[in-house]
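Input: a single structure, listed below in structure tokens.
Numbers for residues simply follow the sequence, beginning at 1.
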Amino acid sequence: MQVGFNRFNINFKGAISDKDIETLKSATQHVSDCYLMSTIESLTHSENGIQILRNQIERDDDNPNLINCYFYTNNGAKEKYSIPTNKAVEGYEELYKIQDNEIIRSLDISVAEYEKKHKSKPFICRLSEIFKKYRFENNLPSLFMETLTGVKPRVIAEQDFNFSLKSYKTEVMELFKRMDKEKNHSFVIGTGQKKFDGRRWHVYIIQDVDLQNNTITFKEKRKNQPQTMDIDTALKTFKYITGYFSSDLEQAVKN
């Protein structure tokens with residue numbers, strides 16, 4: 001079965017609902033798409049992030065069994081990927097069995113088709129797929145963020161040769177100071193080769209930074225349970241941070 005995609009520049013009438021957006025917070029990760037699921041939930045934490053989701057994901061007006069996802073190419077063109085909800089796309093049958101959130105499932109397939117078309121997946125992600133059962137995931141969250149929003153995110157050390165954020169403390173603390181004041185943000189934090197919670201290269205949503213208590217609260221999508229850690233331990237545990245303040249997405253929302 002072929003997935004339909006083409007370039008569109010239109011106003012979207014079938015934007016996902018508030019109820020749909022709420023389901024993104026409770027959706028559970030089943031395959032190697034923590035970069036996608038964490039990014040999507042992080043966008044629900046800011047007003048402009050929510051509007052991005054409404055702009056980029058829609059239930060098709062003419063066919064209730066289609067979800068349309070829109071991504072930006074490197075030259076700024078917007079592409080539409082239409083994914084059926086009532087029957088499996090060839091090659092993604094297992095995903096239909098285990099992921100019951102239609103929006104997450106449609107995004108997963110759309111991203112995979114986008115990456116095939118544009119050959120955009122980073123080498124390190126293609127290399128790691130050799131060892132994974134599902135070969136349509138694995139990506140860097142910053143690349144997915146830019147593909148979805150059209151805006152380059154703020155990035156600290158995502159592709160650097162580091163094992164932790166300790167040597168980036170000054171830069172991280174500047175970011176945390178702003179996050180402590182501006183709760184309207186969409187950031188994720190990721191591990192690298194070091195194992196945490198039994199996993200390597202895992203991505204978490206930053207829910208809150210509390211400098212008064214020197215803590216960071218984060219959440220991962222397999223258990224959907226927040227965890228709190230002191231900032232010094234977090235600097236030793238995590239490898240990178242990437243994301244947006246709501247104001248970073250203002251222009252994208254207007255486009």
Kindly write out the residues that satisfy salt bridge (Lys or Arg N to Asp or Glu O under 4.0 Å) with [X], not counting sequence neighbours, or none if the list is empty.
{"X": "K177", "result": "E174"}
{"X": "D230", "result": "none"}
{"X": "R199", "result": "none"}
{"X": "D18", "result": "R54"}

Could you tell me whether N74 atom CG has more than 12 heavy atoms of other residues or ligands within 6.0 Å of it?
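Counting neighbours around CG of N74, 12 or fewer heavy atoms of other residues, nucleotides or ligands fall under 6.0 Å, so no.
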Answer with yes or no whether the side chains of [Y] and [X] bring together a donor and an acceptor at under 3.5 Å.
{"X": "T215", "Y": "T228", "answer": "no"}
{"X": "Y240", "Y": "S142", "answer": "no"}
{"X": "Q99", "Y": "Y92", "answer": "no"}
{"X": "S17", "Y": "D20", "answer": "yes"}
{"X": "D210", "Y": "N213", "answer": "yes"}

My understanding is that only residues two or more places apart in sequence, or in another chain, count here; which of them pass side chain to side chain donor-acceptor pair (under 3.5 Å) with D180?
K183
Once side chain to side chain donor-acceptor pair (under 3.5 Å) is applied, do any residues pair with R178, and if so which ones, sequence neighbours excluded?
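R178 satisfies side chain to side chain donor-acceptor pair (under 3.5 Å) with E182, S247 once adjacent residues are dropped.
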List, by chain and number, the other hydrophobic cluster members for [X], where Ile, Leu, Val, Met, Phe, Trp and Tyr join if side-chain heavy atoms come within less than 4.5 Å, directly or indirectly.
{"X": "L66", "result": "none"}
{"X": "M229", "result": "I156, L165, Y168, V172, M173, L175, F176, M179, F187, I189, F196, Y204, I206, V209, L211, I216, F218, I231, L235, F238, I241, F245"}
{"X": "F163", "result": "none"}

Joint hydrophobic cluster, I67 plus I21, side-chain heavy atoms closer than 4.5 Å
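Yes, it is one cluster - the side chains of I67 and I21 are joined through contacts under 4.5 Å.
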Could you state whether I50 and I205 fall into the same hydrophobic cluster, counting links through intermediate Ile, Leu, Val, Met, Phe, Trp or Tyr residues with side-chain heavy atoms under 4.5 angstrom apart?
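I50 and I205: separate clusters.
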If every non-hydrogen atom of N162 is compared with every non-hydrogen atom of A157, which pair is closest and at what distance?
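In terms of heavy atoms, the two residues are closest at OD1-O, 3.3 Å.
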Pairs touching residues 145-159 that satisfy salt bridge (Lys or Arg N to Asp or Glu O under 4.0 Å), sequence neighbours left out:
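For residues 145-159: E146-K152, R154-D248.
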In short, salt bridge (Lys or Arg N to Asp or Glu O under 4.0 Å) pairs touching residues 36-51 with sequence neighbours left out are E41-K219, E41-K221
Side chain to side chain, [X] and [Y], heavy atoms closer than 4.5 Å:
{"X": "R105", "Y": "T85", "result": "yes"}
{"X": "N68", "Y": "Y81", "result": "no"}
{"X": "S164", "Y": "K194", "result": "yes"}
{"X": "I109", "Y": "Y96", "result": "yes"}
{"X": "V111", "Y": "Y35", "result": "yes"}
{"X": "L53", "Y": "I103", "result": "no"}

Answer yes or no: is there an ion pair linking D197 with K223, defined by an N-O contact shorter than 4.0 Å?
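Salt bridge: no.
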Taking only residues two or more places apart in sequence, or in another chain, which ones meet V253 in a side-chain contact (heavy atoms from CB on, under 4.5 Å)?
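In terms of side-chain contact (heavy atoms from CB on, under 4.5 Å), with neighbours along the sequence ignored, V253 is linked to N48, Q51, I52.
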